[in-house]
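Here's the structure we're looking at; comments come further down.
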Amino acid sequence: QVQLVESGGTSVQAGGSLRLSCDASGDLYIWSCMAWFRQAPGKEREGVARIVLGSRRTYYADSVKGRFTISRDNAKNTVYLQMNSLRPEDTAMYYCASSGSSGCPAAVIASDDYNIWGQGTQVTVAS
C-alpha cells in the first residue's frame, strides 16, 4: 500500500520561493502519475502540476505555469514542487496524490484520476 507524506509548507513573503516534497512509501507503478493539488478555504480543490513517473512528462495549470516546477527523484521515491514568485493567491493546503496503478490524462489534472492522497502541507504567502 502506497502512502504519501508531504512536507515543506510554511509561511513566506510574496515573491519568495518554496519547495514542497512528497515522500512515497511502497512501490509506485512506473507509468503512474503524481500530482500536486491545492485547496484554499472556501474554494474547490485545484490540480496545479502533475508528472508521469516513467517519462517525466509534466503538465501545469495555467495559474502556476512558468512559476512552479514539478520533478521527481525515482531513487528516493520523492516528488517535488518548486514554487517561485509566490503570490498571496497561492495560499492553500497543498496535497500530493498518486494515480496508483493507472496512468492519467495528458492535459488535465483532475481529482478523480488520483486515488492515493497525502495529508497535506500548508503554504501561506503574505503580501
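Side chains included, hydrogens not; waters and symmetry mates left out as well; all remaining heavy atoms used.
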Inset, instruction - Considering only Ile, Leu, Val, Met, Phe, Trp and Tyr, and joining two whenever side-chain heavy atoms are under 4.5 Å apart, list the other residues clustered with V64. - result: V2, L4, V12, L18, L20, L28, M34, W36, V48, I51, L53, Y60, F68, I70, V79, L81, M83, L86, Y94, I116, V123, V125

Legend entry - A107 backbone acceptor or donor facing Y59 side chain under 3.5 Å: yes

Inset, instruction - Would you kindly check if the NZ (Lys) or CZ (Arg) of R45 is within the cone defined by 45 degrees around the ring axis of W117 and under 6.0 Å from the six-membered ring centre? - result: yes

Legend entry - Heavy atoms of other groups near K65 NZ, more than 12 under 6.0 Å: yes

Inset, instruction - Report the residues that fulfil side-chain contact (heavy atoms from CB on, under 4.5 Å) with S71, sequence neighbours left out, ordered by chain and then residue number. - result: Y80

Legend entry - Under the side-chain contact (heavy atoms from CB on, under 4.5 Å) test, residues paired with D112 that sit two or more places apart: none

Legend entry - F37 side chain reached by M93 side chain, heavy atoms, under 4.5 Å: no

Legend entry - For E46, all residues meeting salt bridge (charged side-chain N to carboxylate O under 4.0 Å, His left out), sequence neighbours excluded: R38

Legend entry - Any R72 side-chain heavy atom under 4.5 Å of N74 side chain: yes

Legend entry - T78: partners by side chain to side chain donor-acceptor pair (under 3.5 Å), with sequence neighbours left out: D23

Inset, instruction - Please list all pairs passing the disulfide (SG to SG under 2.5 Å) test where one or both residues lie in residues 96-127, with sequence neighbours left out. - result: C22-C96, C33-C104

Legend entry - Partners passing side chain to side chain donor-acceptor pair (under 3.5 Å) against R67 (at least two apart in sequence or in another chain): D90

Inset, instruction - With rounding to the nearest 0.5 Å, note down the distance linking CZ in R50 to OG in S98. - result: 13.0 Å

Inset, instruction - Would you please name every residue forming a ring-ring contact (aromatic ring centres under 6.0 Å, His included) with Y95, sequence neighbours left out? - result: none

Legend entry - side chain to side chain donor-acceptor pair (under 3.5 Å) partners for S85, two or more places apart: none

Legend entry - Partners meeting salt bridge (charged side-chain N to carboxylate O under 4.0 Å, His left out) with R57 (sequence neighbours left out): none

Inset, instruction - May I ask you to check whether over 12 heavy atoms, not counting those of D27, lie within 6.0 Å of atom CG? - result: no

Inset, instruction - Output yes when a side-chain donor or acceptor of R87 lies under 3.5 Å from a complementary backbone atom of S127, and no otherwise. - result: no

Legend entry - Residues in side-chain contact (heavy atoms from CB on, under 4.5 Å) contact with T124, at least two apart in sequence or another chain: S11, T91, Q122

Inset, instruction - Quick one: pull up CG in D113 and OG in S102 and give me the separation to the nearest 0.5 Å. - result: 8.5 Å

Legend entry - Contacts of type side chain to side chain donor-acceptor pair (under 3.5 Å), residue N84, not counting sequence neighbours: S17, Q82

Inset, instruction - Using modelled atom types only, decide if a donor and an acceptor are shared between the side chain of E6 and the backbone of Q119 within a distance under 3.5 Å. - result: yes

